[in-house]
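Everything numeric here is computed off the predicted structure, so don't read it as measured data. Chain letters run A, B, ... following the sequence lines, proteins first, then strands; residues in each count from 1.
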There are 2 protein chains.
Amino acid sequence: MRGILFRYEALLPLTEATPRLSLCEGQTPLIPLENLGRELSVDLRAKFEGANPTGSFKDRGMVLAVAKAIEGGAKAVVCASTGNTSAAAAAYAARAGIPCFVLLPAGKVARGKLAQALIYGARVVAVRGNFDRALDLAKQASEDLGLAIVNSVNPFRLLGQQSAAWEICDELGEAPDWLAIPVGNAGNISAYWAGFNRYRELGRTATVPAMIGVQAAGAAPLVEGHPVDEPETVATAIRIGRPVNAEKARRAVAESGGQFLAVTDEEILAAQRLLASREGVFAEPASCASVAGLLKLHRAGRLPQGIRIAAVLTGNGLKDPDAALAQVPEPVEIDDSWDSLREVLSR
Amino acid sequence: MRGILFRYEALLPLTEATPRLSLCEGQTPLIPLENLGRELSVDLRAKFEGANPTGSFKDRGMVLAVAKAIEGGAKAVVCASTGNTSAAAAAYAARAGIPCFVLLPAGKVARGKLAQALIYGARVVAVRGNFDRALDLAKQASEDLGLAIVNSVNPFRLLGQQSAAWEICDELGEAPDWLAIPVGNAGNISAYWAGFNRYRELGRTATVPAMIGVQAAGAAPLVEGHPVDEPETVATAIRIGRPVNAEKARRAVAESGGQFLAVTDEEILAAQRLLASREGVFAEPASCASVAGLLKLHRAGRLPQGIRIAAVLTGNGLKDPDAALAQVPEPVEIDDSWDSLREVLSR
């Protein structure tokens with residue numbers, strides 16, 4: 001079992017000079033959500049990207065971006081990130097033995113993700129500004145100092161991310177009817193769409209899914225049709241007001257006969273609790289937007305019955321333990337006596 | 001891709017009445033640690049159990065334990081845990097639709113793990129006492145109230161955990177020369193040993209590895225030869241003074257020609273940083289005891305050259321972000337101007 005540069009070598013732009021970098025990313029489980037699927041009367045599967053080496057889907061594109069950066073002679077990589085990108089960049093740069101500079105919006109990054117970038121050895125700079133400003137600065141660092149930028153403006157990122165769509169088709173033997181996916185910077189929905197189409201062109205799937213792009217209500221430029229200057233949502237990974245890949249995402253939704261929709265923070269967190277407590281699947285808040293969107297469509301009577309849906313859960317719930325801890329009861333604390341315990345268990 | 005009850009159906013004690021529970025556990029990557037392996041002059045691979053659905057190796061045994069509990073008519077499960085067991089128990093109980101009661105030593109559980117148990121919907125009780133006392137109480141709850149105990153005293157737990165040894169042999173085509181593994185309650189080393197022997201009996205491997213059991217210096221009853229009343233280590237997952245499976249573990253080490261050794265917290269954390277910053281692999285502190293032990297043997301000139309070693313990394317680094325954050329520098333914070341950034345990058 002090796003990573004995507006091995007498994008999808010023929011579909012990726014590799015040369016003999018491309019280092020075959022790998023942390024065994026990809027091949028993430030497509031977990032049947034039987035309990036929720038039954039309630040919604042659909043065949044529901046979760047593409048659990050939290051099983052990737054750094055805990056998110058970003059590893060798929062980052063392995064290719066860093067490998068191509070090294071092939072191109074880059075001596076270091078740089079990225080702006082709300083967290084998941086920085087963890088992936090830092091890990092693959094560490095693996096490849098080159099420095100990684102990470103620009104984060106100060107105070108807006110989940111605890112687990114910050115821990116990752118730092119322990120993977122990245123040089124982390126917290127910028128007093130939002131993600132979009134951090135990205136501007138990363139681009140300038142790339143242009144002025146010659147660092148390889150590995151944000152999703154790097155075309156290899158989205159190419160690598162196509163592999164998730166390929167895996168879903170490989171496992172199901174065809175494409176699902178719908179693909180529900182959280183949308184922040186809009187790169188992933190674009191990558192999935194390109195991936196499904198690539199597989200259709202290759203004759204590996206006869207159909208492609210309707211793309212259902214779900215945004216957080218406080219950061220929903222693609223739903224509202226205009227940029228959002230001060231994006232706000234508990235789902236830090238999709239707290240983005242000016243998606244770099246907005247046009248591609250719009251085309252994906254339009255061409256596929258899909259839709260964009262927005263869900264509130266409350267709906268996102270409710271979906272997170274539901275996934276964990278009913279299916280045993282713990283995903284970070286942003287991830288759960290995909291399922292929150294499906295629940296919302298179901299409540300509105302707009303979810304067709306009997307269709308097969310793959311919902312992308314982009315990142316591991318452990319990325320953001322504080323978001324989980326904020327919405328659950330405190331543990332009951334007792335003395336270490338059987339009487340105390342029996343009293344609690346019998347409540 | 002389904003879990004171990006599907007893939008190893010013939011090797012596990014399943015009946016027609018056993019529910020085929022699955023969160024797609026197992027099939028975790030065996031990541032080549034090329035950078036460290038080169039330094040140690042060995043063929044070093046990490047069995048990265050952090051890729052499991054709840055982020056640790058515990059899922060392998062828990063899926064079987066909970067499935068058998070349901071087959072046996074249990075209406076709820078209970079466990080004592082330093083964290084990883086509780087996350088796994090809570091997740092599989094949620095998936096199966098039965099309640100889970102978790103007893104934790106108060107104040108001694110890593111943040112990510114507590115978040116998991118709670119969001120998976122377990123009823124969590126913090127016991128003012130150490131792990132061993134919490135385990136006593138869980139046993140009593142099982143005996144007096146008829147809850148199914150899913151600690152490693154439950155024999156199905158260790159049976160399921162054998163699957164990790166099977167996967168290593170399946171992937172390598174044979175057993176490694178050495179298996180390095182952290183030892184806390186001593187169940188996992190016993191399970192691997194049984195798993196390798198099972199495979200040898202089946203003719204699927206010709207050899208079995210020397211078992212290298214690594215304990216934290218502050219919780220090293222198997223190294224010291226006597227129980228430790230007040231175990232202390234940063235590696236919370238192996239902070240156990242009276243290992244339930246001590247005898248099995250001693251036999252595994254003796255029969256395999258292996259050894260127990262202890263590493264300090266400093267050595268554990270250094271190994272964690274090294275794995276992250278040199279290999280891009282982030283594992284929780286306890287996990288890194290396995291690699292810390294190998295580094296220690298290498299420094300002492302006691303690591304044979306050229307052998308093939310599988311080091312078990314038992315849990316995901318994201319389980320315990322605080323342990324990582326405590327040992328890395330704070331991010332540099334700057335204004336969102338190019339001048340500020342350029343100044344930082346040129347340092």
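- Listed here is the closest heavy atom pair of A:E25 and A:G3: OE2-CA, 3.0 Å.
- When heavy atoms are compared at a cutoff of 4.5 Å, A:V127 approaches chain B by way of both its backbone and its side chain.
- Between atom CG of residue A:N316 and atom CD of residue B:Q116 there is a gap of 7.5 Å, rounded to the nearest 0.5 Å.
- With chain A as the partner, the residue from B:S277, B:A88, B:A91, B:A323 showing the most heavy-atom pairs under 4.5 Å is B:S277.
- Counting heavy-atom pairs closer than 4.5 Å to chain A, the top-ranked of the candidates B:G97, B:G317, B:A141, B:A324 is B:A141.
- Nearest heavy atom pair, residue A:C288 against residue A:I268, reads CB-O, 3.8 Å.
- A 4.5 Å side-chain heavy-atom check between A:S287 and A:T314 finds at least one atom pair inside the cut-off.
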_side chain to side chain donor-acceptor pair (under 3.5 Å) assessment of A:Q27 paired with B:Q27_ = CA-CA 10 Å; A:Q27 282 195 308; B:Q27 281 194 308; over 6 Å; no
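- Proximity to chain A (any heavy atom under 4.5 Å) is restricted, for B:L341, to the side chain, taken from C-beta onward.
- For B:V332, the parts lying near chain A are the backbone and the side chain together; criterion is any non-hydrogen pair under 4.5 Å.
- Residue B:Y92: no heavy atom, backbone or side chain, is found under 4.5 Å from chain A.
- The main-chain N or O of A:D336 is found under 3.5 Å from a side-chain atom of B:R133 such that the two form a donor-acceptor pair.
- Contacts between residues 278-285 of chain B and chain A, counted as heavy-atom pairs separated by less than 4.5 Å, involve B:R278, B:E279, B:G280, B:V281, B:F282.
- Heavy-atom minimum distance, A:L23 versus A:R95: CD2-CD, 3.6 Å.
- Taking all atoms of both residues into account, the shortest heavy-atom contact from A:C79 to A:S86 is SG-CA, 4.0 Å.
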*Stepwise, does the side-chain contact (heavy atoms from CB on, under 4.5 Å) test hold for A:S22 with A:R2?*
CA-CA 7 Å; A:S22 168; A:R2 298 299 293 270; 3.9 Å; yes
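- Neither the backbone nor the side chain of B:L275 comes within contact range of chain A, judged by heavy atoms closer than 4.5 Å.
- For the options B:N52, B:N130, B:L318, heavy-atom pairs under 4.5 Å to chain A are most numerous at B:L318.
- Listed options A:F101, A:F48, A:W338 were ranked by heavy-atom pairs under 4.5 angstrom with chain B; first place goes to A:W338.
- Between A:L21 and A:A96, the closest heavy-atom pair is CD1-CB, 4.0 Å.
- For B:L104, no part sits under 4.5 Å from any heavy atom of chain A, backbone or side chain.
- Most heavy-atom pairs under 4.5 Å with chain B, from the set A:P105, A:S337, A:A122, A:S346: that is A:S337.
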*side-chain contact (heavy atoms from CB on, under 4.5 Å) between B:L313 and B:K47: does it pass, once the steps are laid out?*
CA-CA 6 Å; B:L313 300 181; B:K47 184 67 172 164; over 6 Å; no
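- Residue B:N35 touches chain A through its side chain alone, counting heavy-atom pairs closer than 4.5 Å.
- The two atoms that bring B:I98 and B:V77 nearest to each other are CD1-CG1, 3.9 Å, heavy atoms only.
- Ion pairing between a basic and an acidic side chain is recognised when a charged N comes within 4.0 Å of a carboxylate O; A:D335 and B:R128 show such pairing.
- Chain B forms the most heavy-atom pairs under 4.5 Å with one residue out of A:I334, A:V328, A:I31, A:L325, and that residue is A:I334.
- No other option in A:P321, A:G121, A:A276, A:A326 has as many heavy-atom pairs under 4.5 Å with chain B as A:A276.
- By the 4.0 Å N-to-carboxylate-O rule, A:R60 lies close enough to A:E167 to be salt-bridged with it.
- The candidate from B:L103, B:D322, B:D136 with the greatest count of non-hydrogen atom pairs under 4.5 Å with chain A is B:D322.
- With chain A as partner, the option from B:V102, B:I119, B:L118 having the largest number of non-hydrogen pairs under 4.5 angstrom is B:I119.
- For B:A106, the part lying near chain A is the side chain, with the backbone staying farther off; criterion is any non-hydrogen pair under 4.5 Å.
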